[in-house]
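Report on the structure given below.
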Amino acid sequence: MTTTEQKGASTITRQPCSGGHRRLPLFDSHVLTTMLEDQGQRELKRKVFDLFKSSPDLLSGVEEGLTKEEHRALVRRQLMAILAAGLNPLDMFANDLKSYFHVGECLGQIDLSLMIKSGVQYSLWGGSVINLGTESHRKKYFDDIASFKLPGCFAMTELKHGSNVAALQTEAVLDILTDEWVVHTPDEGAIKWWIGNAAEDGRMATVFARLKVPDPSGHKGGVVKPKLVDHGVHALLVPLRDSQGKALPGVEIRDCGYKIGLNGVDNGALRFTHVRVPRVNLLNRFGNVDKAGRYSSALNSQARRFAATLGELTGGRVGLVGGSVGTAKVAITIAIRYTAQRQQFGPPDAPEIAVIDYQTTQQRLMPILASTFGLHFAKMFLVDRYVDMKRQKTNHRLVEEVHALSAGLKAYTTSFTQNALSVCRESCGGHGYAAVNRLGAMRSDHDIFQTFEGDNTVLLQQVSALLLKEYRNQFKGAPVTSTFAYLAQLAASNLPTNPLVTHDTDVRHLRDPAFLSKALEHRTAHLLFTLAMRLRKHTPKLGAFHAWNKCLNHVLELANAYVESVVHKCFQRAVEGCVEPDCRRALRALADTFALHAISSSMLFRNLEYIAPPKAKAITRLLVDLYAELRGVSLLLVNAFAIPDHILRAPIGLLGAGDGGIGGAYKEYLMAAGFEV
């Protein structure tokens with residue numbers, strides 16, 4: 001006997017495997033969708049997706065079958081179609097950040113190359129002009145950047161330096177006589193590398209270079225002193241090509257060639273040989289040089305200027321969090337739908353059961369489903385905090401909080417999604433390996449999300465460094481920002497745990513939001529406290545650098561623990577804010593699954609005897625039950641992501657998959673292979 005999902009507009013059927021587990025009530029997927037996206041976001045999403053529905057030629061069938069030239073041309077046409085439809089990403093970036101990030105997530109679900117191409121043009125290139133320049137730069141370039149009449153690049157990374165931006169070697173030397181900067185690549189290691197838009201489209205670039213001006217002391221003992229003052233890394237606008245697309249004198253451009261993924265983005269390499277640009281091409285919001293070569297800045301140290309410059313680029317990480325969450329939504333939707341209709345084996349003399357009804361499949365997919373929802377709510381929180389930060393430009397405490405949130409969530413989310421893509425591919429068996437079902441292309445395209453806009457390992461270290469700073473601040477009486485507030489109770493959190501709570505195996509206790517939040521906070525607080533003690537112990541003997549390196553695994557564990565505690569808080573707020581009872585029960589089960597899975601996966605709780613062995617076993621049993629409960633509503637949950645079939649484009653994961661027979665998901669799959677059905 002089969003049971004059909006009545007309220008989710010899904011025609012996929014399921015044959016539940018008997019196991020005596022509690023079932024969550026069915027609910028209307030659309031109600032949950034309205035909680036995930038407000039009306040304005042749903043309308044914007046519909047406008048983007050309808051554009052591609054009316055122009056199916058803009059959608060790639062099998063991405064792996066395209067040459068890089070074909071894929072780049074397709075992405076360029078996609079971007080121009082978006083602009084022609086009246087969508088203006090740069091205007092959104094400047095005036096409506098929530099819409100900008102939402103559109104970015106939608107573009108990523110269509111093609112991650114499109115999302116990145118748009119991000120390079122509007123967030124990196126356009127954003128650098130807006131955020132690092134002044135009003136004169138904005139007036140001169142905004143409209144042409146917005147319309148793609150002036151495709152541009154963000155030229156930061158060099159062949160030998162990526163994460164260590166402060167060590168970049170490209171030079172910009174002021175020639176006072178001509179009132180120009182001379183931009184030069186001093187050696188091969190300083191060639192700008194992996195620069196998006198550079199290989200084909202870019203006509204101008206924001207080039208990050210060491211700003212050098214003649215020493216104002218001029219002469220010494222009657223002899224000209226050949227010395228330049230290095231003011232550190234700054235950004236300048238450097239033209240690359242003329243209006244016909246030909247490289248300008250002194251600019252050498254090469255194509256970085258095929259990549260593991262994202263071949264729709266034209267990454268290139270740039271070498272400059274004494275290229276001259278006007279002095280006013282310096283993006284001078286945080287530091288200026290006048291005609292006489294005098295440097296001035298409202299920020300009184302090179303370190304502060306550098307931090308302010310990089311801080312204005314945080315939006316790129318926020319966008320990557322959204323794009324990564326959107327990719328996870330696509331992957332888990334395909335995997336849940338396919339495993340719900342794919343039947344293999346079963347009891348003797350009985351029909352085969354759905355793959356999703358096997359406990360092992362549930363243990364693989366339900367934590368991914370729970371984390372995807374949790375990271376969606378964390379992304380919403382991050383976007384809100386980022387928008388607040390942009391409005392309150394002088395709130396330095398908020399800037400630090402957003403930096404920690406964006407760095408931590410970017411690292412955690414992209415690592416999670418990359419693993420989820422592999423798990424979802426494997427859960428779909430051999431058919432998940434077919435290129436037409438998109439999991440392989442998404443896995444290849446998304447891989448680099450773990451590296452660009454900050455290598456994940458480096459970003460997690462930045463998070464822990466900020467946590468340590470907050471930890472020290474509390475002893476100085478300094479205020480702590482909202483997401484760090486519980487650190488003020490650090491001493492109390494590290495008192496011996498109550499033996500009764502340590503051994504409590506009652507399900508009501510294990511699912512108590514207060515217990516789950518306190519457990520995750522306790523882990524973060526303990527890791528922070530012990531890291532501070534270890535660094536204090538090792539630094540006098542080893543020095544700060546080597547002491548940090550000795551504790552590096554501890555540093556990363558702390559950052560990930562902090563992110564998981566923040567995600568759970570966001571999840572709990574979403575549960576409490578859900579007014580529809582059946583949706584709220586499903587969200588509660590997801591939130592509890594996220595927290596319990598995090599606790600179960602961390603040996604620290606048992607090493608600290610925070611959770612006794614009987615309690616750990618009870619958590620494992622409870623997770624198995626929660627996975628089974630979520631299985632019953634898993635189709636409704638992925639339907640709430642509201643990804644239409646023409647955007648999903650994976651034959652095995654389409655919403656209208658029928659009854660699992662030849663007339664269902666397999667029909668589209670067979671047609672993709674060339675069969676007439």
Side-chain angles (χ1 to χ4, degrees), residues 21-25 27 35 362-363 366-367 369-371 373-375 377-378 381 482-483 485-527 560-633 637:
H21 296 288
R22 235 178 22 157
R23 290 190 184 177
L24 290 167
F27 57 87
M35 183 179 176
Q362 294 172 11
Q363 288 174 335
M366 297 308 143
L369 182 61
S371 293
F373 270 89
L375 290 169
F377 294 123
F381 176 68
S482 61
T483 53
Y486 65 85
L487 297 179
Q489 287 81 42
L490 177 62
S493 296
N494 277 282
L495 292 174
T497 52
N498 184 335
L500 294 177
V501 175
T502 299
H503 290 78
D504 193 342
T505 60
D506 184 78
V507 171
R508 286 173 298 180
H509 164 70
L510 297 178
R511 295 193 65 178
D512 182 354
F515 159 68
L516 296 173
S517 293
K518 187 175 180 181
L520 294 175
E521 289 179 357
H522 176 91
R523 176 180 59 164
T524 307
H526 176 84
L527 286 167
N560 280 313
Y562 162 72
V563 173
E564 287 184 340
S565 69
V566 171
V567 173
H568 184 250
K569 288 180 187 299
C570 296
F571 222 150
Q572 281 302 123
R573 281 195 288 269
V575 173
E576 293 163 4
C578 183
V579 297
E580 205 284 320
D582 293 339
C583 286
R584 185 167 61 247
R585 285 187 60 183
L587 285 177
R588 169 79 186 279
L590 288 166
D592 293 351
T593 295
F594 174 83
L596 288 166
H597 186 265
I599 292 169
S600 179
S601 301
S602 175
M603 287 294 295
L604 185 67
F605 289 104
R606 276 160 275 187
N607 292 343
L608 295 175
E609 298 184 352
Y610 190 87
I611 292 177
K615 187 169 187 174
K617 292 179 181 178
I619 289 174
T620 300
R621 291 192 298 270
L622 176 55
L623 278 170
V624 171
D625 290 341
L626 283 169
Y627 298 157
E629 289 181 31
L630 288 170
R631 180 271 175 266
V633 294
L637 288 168

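Small disclaimer: the values here were computed from a predicted structure and weren't measured.
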- Message: Would Glu580 and Met35 count as a side-chain contact (heavy atoms from CB on, under 4.5 Å) here? Give the steps.
- Response: CA-CA 10 Å; Glu580 205 284 320; Met35 183 179 176; over 6 Å; no
- Apply the test side-chain contact (heavy atoms from CB on, under 4.5 Å) to residues Tyr610 and His526: give CA-CA distance (whole Å), side-chain angles for both, the deciding distance (0.1 Å), then the verdict. CA-CA 11 Å; Tyr610 190 87; His526 176 84; over 6 Å; no
- Message: Walk me through whether Leu510 and Lys615 qualify under side-chain contact (heavy atoms from CB on, under 4.5 Å).
- Response: CA-CA 9 Å; Leu510 297 178; Lys615 187 169 187 174; 3.6 Å; yes
- Query: Could you go step by step and tell me if Leu590 and Phe377 meet the side-chain contact (heavy atoms from CB on, under 4.5 Å) rule?
  - Reply: CA-CA 12 Å; Leu590 288 166; Phe377 294 123; over 6 Å; no
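Using cut-offs of 30° and 60° for the angle between ring planes, the Phe515 and His509 rings count as tilted.
In plain terms, the two heavy atoms of Ala561 and Leu527 that are nearest each other are CB-CD1, 3.8 Å. Contact between Pro614 and Thr505 at its shortest, heavy atoms only, is O-CG2, 3.7 Å. Leu587 and Ala574 get closest at one heavy-atom pair: CD1-O, 4.4 Å. Taking both residues in full, the closest heavy atoms of Ala519 and Phe605 are given as O-CE2, 3.2 Å, listed atom of the first, atom of the second, then distance. Nearest heavy-atom pair across Ala616 and Arg606 is CB-CD, 4.0 Å. Looking at every heavy atom in both residues, Pro513 comes nearest to His568 through O-CE1, 4.2 Å.
Side chain of Ser602 to main chain of Ala598: no donor-acceptor pair is present (N/O by atom type, distance under 3.5 Å, no hydrogens or angles). The main-chain N or O of Leu622 is never found under 3.5 Å from a side-chain atom of Arg511 such that the two would form a donor-acceptor pair. Within the 3.5 Å criterion, the main-chain N or O of Leu596 finds no donor-acceptor partner in the side chain of Ser600.
Scored by the ring pair (Phe, Tyr, Trp, His ring centres under 6.0 Å) test, Tyr627 finds no partners at all (sequence neighbours excluded).
Proximity of Leu520 to Leu516: side-chain heavy atoms (C-beta onward) are nowhere separated by under 4.5 Å. For the pair Arg585 and Val633, the minimum side-chain heavy-atom distance is 4.5 Å or more. Between Phe27 and Leu637, the closest side-chain pair of non-hydrogen atoms falls below 4.5 Å.
How far CG of Leu604 is from NE2 of His522: 7.0 Å, rounded to the nearest 0.5 Å. The structure places NZ of Lys569 at 5.5 Å from OG of Ser517, a figure rounded to the nearest 0.5 Å. Distance CD/Glu564 to CD1/Ile599: 9.5 Å, rounded to 0.5 Å. Note that OG1 of Thr620 and CG of Asp625 are 11.0 Å apart. Values are rounded to the nearest 0.5 Å. Atom CE of Met603 and atom CG of Leu608 lie 10.5 Å apart (nearest 0.5 Å). We find the CZ-CG distance between Phe571 and Leu375 to be 9.0 Å, quoted to the nearest 0.5 Å.
Here Asp592 pairs with Arg588 in a salt bridge; the nearest charged N to carboxylate O distance falls below 4.0 Å.
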